[in-house]
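Taking it in order: structure first as structure tokens, then the write-up.
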Amino acid sequence: MVKATVRIVCVVGTRPEAIKMAPVILALKATDWCDCRVLATAQHRQILDQVLALFGIVPDIDLDIMRPNQSLPDLTARLLTAVDRVLEDERPDAVLVQGDTTTVMATALACFYRRIPVGHVEAGLRTGDMANPFPEEMNRVLAGRLSHWHFAPTESAKKNLLAEGFAPESIHVTGNTVIDALLDVSGRVGPAAPVEAHVADNARVVLVTTHRRENFGAPLRAICDAIRELALRYRDAVFVVPVHPNPNVREVVQAQLGATSNVRLISPLDYLPFVQMMKRADVILTDSGGVQEEAPALGKPVLVMRAETERPEAVDAGVVRLVGADRSVIVRELSALMDDPVVYRSMARGVSPYGDGHAAARIVEILQRSLL
Ligand code: UD1
Ligand code: UDP
């Protein structure tokens, strides 16, 4: 047996990081040259554990960082010192982070202080506006500066990095690992109950997710007003809302939508039933990053409740539309999809600009060439 010669620590903090890092972790673990260690900061707790369990990943180290309604400064400070202690113990040859959360930014900084090279998975996404999304745009700019390998999902992400002056040889267009995860999971047979429990066979389904910090307060209330208006207009439809556990979301959504009979407020779904729910949905209304990538691959029209997006490819392809957190625009655009089959068909085309399902294999090959 070939002795493992390289130690790579893969870091996951939140639900989307785990979904998108899982294919990389599984691919690294399948090699004979890498000692792949998994560090869960557990910036998220319950919804991180759901994903890790689905992919059969057991963290080697779990920092259990999450606190109720954690603040950004407190989270950042605790992550920085806790991750540093892990780096001291583990002494990895490289560390991989994914995306733009506080876990990513703090981990990249901790690695910089210890001169450990970082690989950034999903590098180069930009809106160019530090306030949208907040704080993610700053997190990914900083993570980019602090990284050695930039695994860009698309050519346009690569262009963003080149424009910031990164060396071309440090940027690798790999596709987004979310499509690897989606293809893996969407072929699985899972518990049918979550979909059937919430949705009758003949009902039209509008799936809604929202959690962005820049939408907290008045924008989130406007989003809820739009959903209530639409639910009253389309009584034949069911609006399924898996509510994000952040109390700034949960409390507002519960207060504003809890009493509308065809709005189903449910707990966050495990990834497998969530994928099944996306497949069952007619339209998806979201401010999520990952859902903007997955839904087009499943042929589902998406209205994005954000002012800007760092994922322009599906907008350019005509299958995703930006509607902001503007009540009247959300109502108008969703109504067009519900009422006009021509509009619906034009947006319900299966396109997958974000990946082909082989991103993780490409990342592993690049790391092998670079580290061995
Ligand atoms: C975080 C990320 C965001 C990412 C999102 C994915 C930051 C600053 N934000 O936002 O980029 O898009 O995750 O979902 O990194 N909570 C629970 N249980 C959980 C998870 C969260 O109770 O399993 C509650 C806790 O009260 C926690 C709060 O949600 O304090 C906020 O969690 P946090 O990770 O700080 O922010 P998110 O809004 O989840
Ligand atoms: N997701 C899930 N269950 C849910 C809602 C979302 O498994 O109830 C998945 C979704 O398919 C996507 C990821 O979580 O892969 C997106 O996470 P989120 O929207 O929380 O974060 P973002 O992508 O905006 O950072």
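For ligands, and for the atoms within them, numbers begin at 1 and follow the listed sequence. Every heavy atom of this structure was used, including side-chain atoms; hydrogens, water molecules and symmetry mates were not. The shown structure was predicted, so the numbers you read here are calculated from the model rather than taken from an experiment.
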Would you say Thr154's side chain and Ala157's backbone share a donor-acceptor pair under 3.5 angstrom?
yes

Whether Met105 lies under 4.0 Å from ligand 1, heavy atom:
no

Numbering the atoms of ligand 1 from 1, which are under 4.0 Å from a heavy atom of Thr102?
7 (C), 8 (C), 15 (O)

So which heavy atom in the protein is nearest atom 33 (P) of ligand 1, and how far is it from that ligand atom?
Gln70 NE2, 3.3 Å

Of all protein heavy atoms, the one nearest atom 24 (C) of ligand 1 is Pro245 O, 3.7 Å

Side-chain donor or acceptor of Lys300 paired with backbone N/O of Ala281 under 3.5 Å
yes

Short N or O distance, Ile47 and ligand 1, threshold 3.5 Å exclusive
yes

Every residue of the protein that comes under 4.0 Å of ligand 2, judged on heavy atoms
Arg15, Pro16, Ile19, His211, Arg212, Pro242, Pro268, Leu269, Tyr271, Phe274, Met278, Ser288, Gly289, Gly290, Val291, Glu294

Backbone or side chain, does any N or O of Gln46 fall under 3.5 Å from an N or O of ligand 1?
yes

The option among Glu136, His244, Glu17 carrying the non-hydrogen atom nearest to atom 11 (O) of ligand 1 is Glu136

Is there a donor-acceptor pair under 3.5 Å between the side chain of Lys158 and the backbone N or O of Gly124?
no

So does Ala27 get a backbone contact from the side chain of Thr31, meaning a donor-acceptor N/O pair under 3.5 Å?
no

For atom 27 (C) of ligand 1, what is the nearest protein heavy atom, given as residue, atom name and distance?
Arg67 O, 3.7 Å

Should you measure from each heavy atom of Arg212, which atoms of ligand 1 turn up under 4.0 Å away?
11 (O), 12 (O)

Lys/Arg cation over aromatic Phe239: Arg233, 6.0 Å, 45° cone:
no

Taking Arg349 for the side chain and Ala317 for the main chain, is one N or O donor matched with an acceptor at less than 3.5 Å?
yes

Under 4.0 Å to a heavy atom of Leu72 - the qualifying atoms of ligand 1, by number:
8 (C)

Within the side chain of Asn262, is there an N or O that forms a donor-acceptor pair under 3.5 Å with the backbone of Tyr234?
yes

Taking all non-hydrogen atoms of both residues into account, name the closest pair between Ala222 and Ala325 and its distance.
CB-O, 3.5 Å

Please give the remaining members of the hydrophobic cluster of Val118, linking ILVMFWY side chains under 4.5 Å, ordered by chain and number.
Val9, Val11, Leu39, Ile61, Leu63, Ile65, Leu75, Leu79, Val83, Val86, Leu87, Val95, Val97, Val104, Ile116

May I ask you to identify, for Pro16, whether its side chain, its backbone, both or neither come under 4.0 Å of ligand 1 on a heavy-atom basis?
side chain

Shortest protein contact, atom 12 (O) of ligand 1 (heavy atom only)
His211 CE1, 2.9 Å

Taking non-hydrogen atoms only, is Pro133 closer than 4.0 angstrom to ligand 1 via side chain, backbone, both or neither?
neither

When every non-hydrogen atom of Leu337 is compared with those of Pro301, the smallest separation belongs to CD2-CB, 4.0 Å

When rounded to the nearest 0.5 Å, the distance separating OG1 of Thr177 from CE of Met21 is 8.0 Å

When clusters are formed from ILVMFWY side-chain contacts under 4.5 Å, directly or step by step, what else is grouped with Ile47?
none

Using modelled atom types and a 3.5 Å cut-off, is there a donor and acceptor pairing between side-chain atoms of Glu137 and backbone atoms of Arg126?
no

Polar proximity ligand 1 side, Gln43 side, N/O cut 3.5 Å exclusive:
yes

Arg37 (side chain) donor-acceptor with Glu90 (main chain) under 3.5 angstrom:
no

Atom 29 (O) of ligand 1 has as its nearest protein heavy atom Asn246 CA, 3.2 Å

Which of the numbered atoms in ligand 1 are below 4.0 angstrom from a heavy atom of Arg45?
19 (C), 23 (O)

Per-atom filter on ligand 1: closer than 4.0 angstrom to a heavy atom of Asn69 are 25 (C), 26 (O), 27 (C), 30 (O)

How would you list, by chain and number, every residue that makes a ring-ring contact (aromatic ring centres under 6.0 Å, His included) with His150, sequence neighbours excluded?
Phe166

Identity of the nearest option to atom 17 (C) of ligand 1, non-hydrogen atoms only, from Met66, His44, Arg213:
Met66

